[in-house]
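Predicted, not measured: the structure shown is a model, and the values here were computed from it. The first residue in the sequence is number 1, and the count goes up from there.
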Amino acid sequence: KAAKLAKDQHDVDLDALLAEKKISAALFHTAGKGTRLAPLPASENNNKPGVKLPFCHEMTDGSFEPLTVLEAVVKQTGVYAPSRLGRLSVYWGDQVFVPNVAFKYTPTHHIDIMCTLLGETAPTAEEWVEQGLDKYGVIAVLKGEKGDAAQVEKVSHATAVKMLETLGDIGRVGPSLGSFSVSAPMLDALCKEFAEELTSKTAKLDTDPHFWMPLTLPSKEYASLMAQKGIEEATSITHHERMTKMKEAFEFGDMGLFGAVDVGSQASWWDYGQLKLYSKNNLKFLDDDSDAKLLKKFLGVSANQMNSSLGDAKVDDTSCVFSCKMKSGTITNSVLGKVEAPEIEADGAIIVNCTAKKIKAGKGAILYNLVVDGDEGIVAEDGDVFVSVMDENGEALTLKSRMDICGGQAWKTKLDINPMSFEDVHKKNKDANITVIEEKRKTLYKKTSGEFEY
């Protein structure tokens with residue numbers, strides 16, 4: 001779709017430029033419906049990577065708007081672009097990682113996957129368990145100069161060694177981050193192999209179990225792993241044969257098939273894919289450890305108070321206030337981004353893109369995209385989560401949850417505090433025009449805030 005759009009609108013041939021190694025392309029995965037992040041994605045009309053962070057960046061017109069998770073991901077992953085000319089990179093759209101090892105490299109394999117390699121040698125059986133490798137998709141790099149790798153998923157040390165013994169001795173291992181890149185020839189081969197499925201859109205294939213594992217594991221071992229997922233042996237063997245046939249027909253040149261890109265065992269990794277992690281990683285602004293300092297440096301936070309008008313409000317030294325306007329109140333242990341209200345009382349809360357006459361938020365509360373013009377303002381108790389869901393007519397619904405509610409588990413349930421379930425809101429948002437709604441929200445925000453006295 002992107003290639004067609006580039007050709008139709010700008011007469012740019014992305015496929016040709018990629019094949020000629022003149023560009024590096026990237027695809028950002030939406031990372032699911034966002035059930036575990038509910039209700040925040042609903043407020044962005046199902047645009048999970050479009051969920052806003054508290055930190056605000058300057059726009060071309062001089063105004064300040066909250067940075068989205070996707071924008072943070074694009075900013076971070078861009079460091080790999082110069083090393084990946086002629087390759088397509090695929091990244092998760094809901095997590096940011098900063099490597100603690102060199103990010104410039106020369107690709108040596110047609111497929112390479114990002115991972116956190118642990119130690120300089122293969123772990124023992126005891127270390128395998130201690131590091132939790134039996135619970136993750138693991139990348140195993142084999143000994144030797146080639147650096148060939150294979151992927152196994154949620155297996156014991158003994159099982160991993162047995163599965164890989166026909167390939168070679170394990171050198172280093174580590175959990176996969178899921179993000180990967182492929183060369184233009186490999187991308188072309190995959191697209192041709194699965195052209196029928198892509199055209200009919202009738203199959204659901206995941207990269208780990210359907211591409212990387214059958215390409216790197218022997219047939220018997222692959223079928224054994226897939227059996228754990230409830231896939232019949234015959235089905236797995238047939239798929240393995242298909243991938244093997246594609247691999248045998250592929251012209252590798254001087255590059256290997258599958259390799260690893262290490263981000264370092266001490267890499268910082270901020271996941272925003274769950275409500276509890278969204279809270280944890282945004283409250284990290286309040287910390288002073290090395291991870292928090294790196295997060296602030298990465299985002300461009302130069303002070304705890306930036307581009308804000310505080311009036312007579314009392315803000316403690318820990319809280320972070322970005323692009324906010326207020327007249328009075330007390331802010332303690334809280335993180336606020338693009339919040340405008342004459343009176344704000346926040347204690348241990350996260351408030352993003354909200355405006356009201358009065359705002360009161362207790363410990364652990366999250367207020368998001370709320371525009372309230374009444375005298376009562378917004379009142380959130382400890383652990384409350386309130387978001388606004390706007391439609392294309394500018395009508396808004398306040399969707400509620402709590403920090404102790406898992407959106408994934410409650411996805412289909414209509415909570416007593418809401419007029420419909422998270423799933424029903426998701427369905428209602430399915431065909432929403434996000435661009436139109438965001439403009440209406442900004443207009444309403446500006447109009448409502450402009451009527452308050454500061």
Atom CG in Leu283, atom OH in Tyr278: separation rounded to 0.5 Å?
10.0 Å
Whether Asp271 side chain and Gln95 backbone form a donor-acceptor pair below 3.5 Å:
no
Measure the spacing between CD1 of Ile351 and CG of Asn369 and express it to the nearest 0.5 Å.
13.0 Å
4.5 Å side-chain heavy-atom contact, Phe386 and Ile366
no
Only one of Lys33, Lys412, Lys430 clears salt bridge (Lys or Arg N to Asp or Glu O under 4.0 Å) with Glu423; which?
Lys412
Hey, is CD on Glu196 packed in by over 12 heavy atoms from elsewhere, all under 6.0 Å?
no
Side-chain donor/acceptor of Asp188 to backbone N/O of Ala184, under 3.5 Å:
no
Quick test of your reading of the model: are Asp424 and Lys414 salt-bridged, counting only N-O distances below 4.0 Å?
no
For Ile231, does its backbone N or O pair with a side-chain atom of Thr235 as donor and acceptor, under 3.5 Å?
no
side-chain contact (heavy atoms from CB on, under 4.5 Å) with Asn46: of Asn429, Val389, Ile434, only one passes, and it is Asn429
Salt bridge check, Asp316 against Lys314: does any charged N sit closer than 4.0 Å to a carboxylate O?
no
Main-chain N/O of Val73 paired with Thr77 side-chain donor or acceptor, under 3.5 Å:
yes
Would you say the rings of Phe28 and Trp92 are close, in the sense that their centroids are separated by under 6.0 Å?
no
If you count heavy atoms of other groups shown closer than 6.0 angstrom to CD of Glu197, is the number above 12?
yes
Give a yes or no answer on whether the side chain of His239 reaches the backbone of His210 with a donor-acceptor pair at less than 3.5 Å.
yes
If we only count heavy atoms from C-beta on, is the Asn353 to Val339 side-chain gap below 4.5 Å?
no
More than 12 heavy atoms from other groups under 6.0 Å of CD on Gln409
no
With side chain to side chain donor-acceptor pair (under 3.5 Å) as the criterion, how do Arg87 and Ser181 come out once you've worked through the C-alpha distance, each side chain's angles and the decisive distance to 0.1 Å?
CA-CA 6 Å; Arg87 299 179 76 89; Ser181 78; 2.9 Å; yes
From the list Lys327, Met326, Lys358, side-chain contact (heavy atoms from CB on, under 4.5 Å) with Glu343 holds only for Lys358
Should Glu65 and Cys56 count as side-chain neighbours, where that means a heavy-atom distance under 4.5 Å?
no
Taking everything shown except Asp317 itself, do over 12 heavy atoms lie less than 6.0 Å from its CG?
no
I'd like to know if Lys357 pairs up with Asp375 as an ion pair, taking the criterion as any Lys NZ or Arg NE/NH1/NH2 lying under 4.0 Å from an Asp or Glu carboxylate oxygen.
yes
Would you check if Lys22 and Leu85 make a side-chain contact, meaning some heavy-atom pair closer than 4.5 Å?
no
Measuring from atom NZ of Lys400 to atom CG of Asn418, what distance do you get when rounded to the nearest 0.5 angstrom?
8.0 Å
What are the two closest heavy atoms between Leu275 and Ala38, and how far apart are they?
CD2-O, 3.7 Å
Find out whether the Lys NZ or Arg CZ of Lys338 is both under 6.0 angstrom from the six-membered ring centre of Tyr445 and within 45° of the ring's axis.
yes
With a 3.5 Å distance limit and no angle check, can you tell me whether Asp15 reaches the backbone of Ala3 through a side-chain donor-acceptor pair?
no
Does the side chain of Val385 come within less than 4.5 Å of Tyr368's, by heavy atoms?
no
Check the angle between the aromatic planes of Tyr91 and Tyr80 and answer parallel, tilted or perpendicular using the 30° and 60° thresholds.
tilted
Applying side-chain contact (heavy atoms from CB on, under 4.5 Å), run through Phe97 and Trp270 and close with a yes or a no.
CA-CA 6 Å; Phe97 61 90; Trp270 306 301; over 6 Å; no
Decide if the gap between the ring center of Phe211 and the ring center of Phe194 is smaller than 6.0 angstrom.
yes
Does a sphere of radius 6.0 Å around CD in Glu392 hold more than 12 heavy atoms from other residues, nucleotides or ligands, not counting ones at 6.0 Å or beyond?
yes
Determine, for Asp112 against Arg84, whether the closest basic-nitrogen to carboxylate-oxygen distance falls under 4.0 angstrom.
yes
Is the backbone of Ser63 close enough, under 3.5 Å, to the side chain of Asp61 for a donor and an acceptor to pair up by distance?
yes
When the ring centroid of Phe322 is compared with that of Phe285, is the distance short of 6.0 Å?
yes
Exercise: do Thr216 and Tyr222 side chains pair donor with acceptor under 3.5 Å
no
Is the number of heavy atoms from other residues, nucleotides or ligands within 6.0 Å of NZ (Lys447) greater than 12?
no
Whether Asp289 and Lys293 form a salt bridge (side-chain N of Lys/Arg under 4.0 Å from carboxylate O of Asp/Glu) is what I want to check.
no
Salt bridge (Lys or Arg N to Asp or Glu O under 4.0 Å) between Glu44 and Lys52, intermediate numbers included
CA-CA 9 Å; Glu44 298 300 338; Lys52 301 176 179 73; 2.6 Å; yes
State, to 0.1 Å, how close Val138 and Trp128 come at their nearest heavy-atom pair, and which atoms those are.
CG1-CH2, 4.1 Å
So Leu53 and Pro66, do their side chains get closer than 4.5 Å, heavy atoms only?
no
Which heavy atom of Leu217 sits nearest a heavy atom of Val152, and at what distance?
CD2-CG1, 3.9 Å
Around atom CG of Asp206, are there more than 12 heavy atoms from other residues, nucleotides or ligands closer than 6.0 Å?
yes
Main chain of Ala349, side chain of Ser334: is a donor-acceptor contact present, judged purely on distance under 3.5 Å?
yes
Among Lys280, Lys297, Lys284, the one residue meeting salt bridge (Lys or Arg N to Asp or Glu O under 4.0 Å) with Asp291
Lys284
Does a donor on one side chain and an acceptor on the other come within less than 3.5 Å for Glu340 and Thr355?
no
Do any N or O atoms from the side chain of Asn333 and from the backbone of Gly348 form a donor-acceptor pair under 3.5 angstrom?
no
Applying side chain to side chain donor-acceptor pair (under 3.5 Å), run through Thr332 and Asp347 and close with a yes or a no.
CA-CA 5 Å; Thr332 56; Asp347 181 14; 3.0 Å; yes
When every non-hydrogen atom of Ala42 is compared with those of Leu399, the smallest separation belongs to CB-CD2, 3.9 Å
Gap between atom CD of Glu193 and atom CE of Met243 - 0.5 Å precision
7.0 Å
Any donor-acceptor N/O pair, His426 side chain to Phe422 backbone, under 3.5 Å:
no
List the steps, then state whether side-chain contact (heavy atoms from CB on, under 4.5 Å) holds for Phe64 with His57.
CA-CA 5 Å; Phe64 288 84; His57 57 160; 5.8 Å; no
With heavy-atom distances below 4.5 Å as the criterion, would you say the side chains of Leu5 and Lys1 are in contact?
no
Using salt bridge (Lys or Arg N to Asp or Glu O under 4.0 Å), reason through Lys75 and Glu71 one step at a time and then give a plain yes or no.
CA-CA 6 Å; Lys75 178 179 180 179; Glu71 288 168 337; over 6 Å; no
Heavy-atom distance under 4.5 Å between the side chains of Arg402 and Asp384, does that happen here?
yes
Flag yes if more than 12 heavy atoms outside Lys360 fall under 6.0 Å of its NZ atom; otherwise flag no.
no
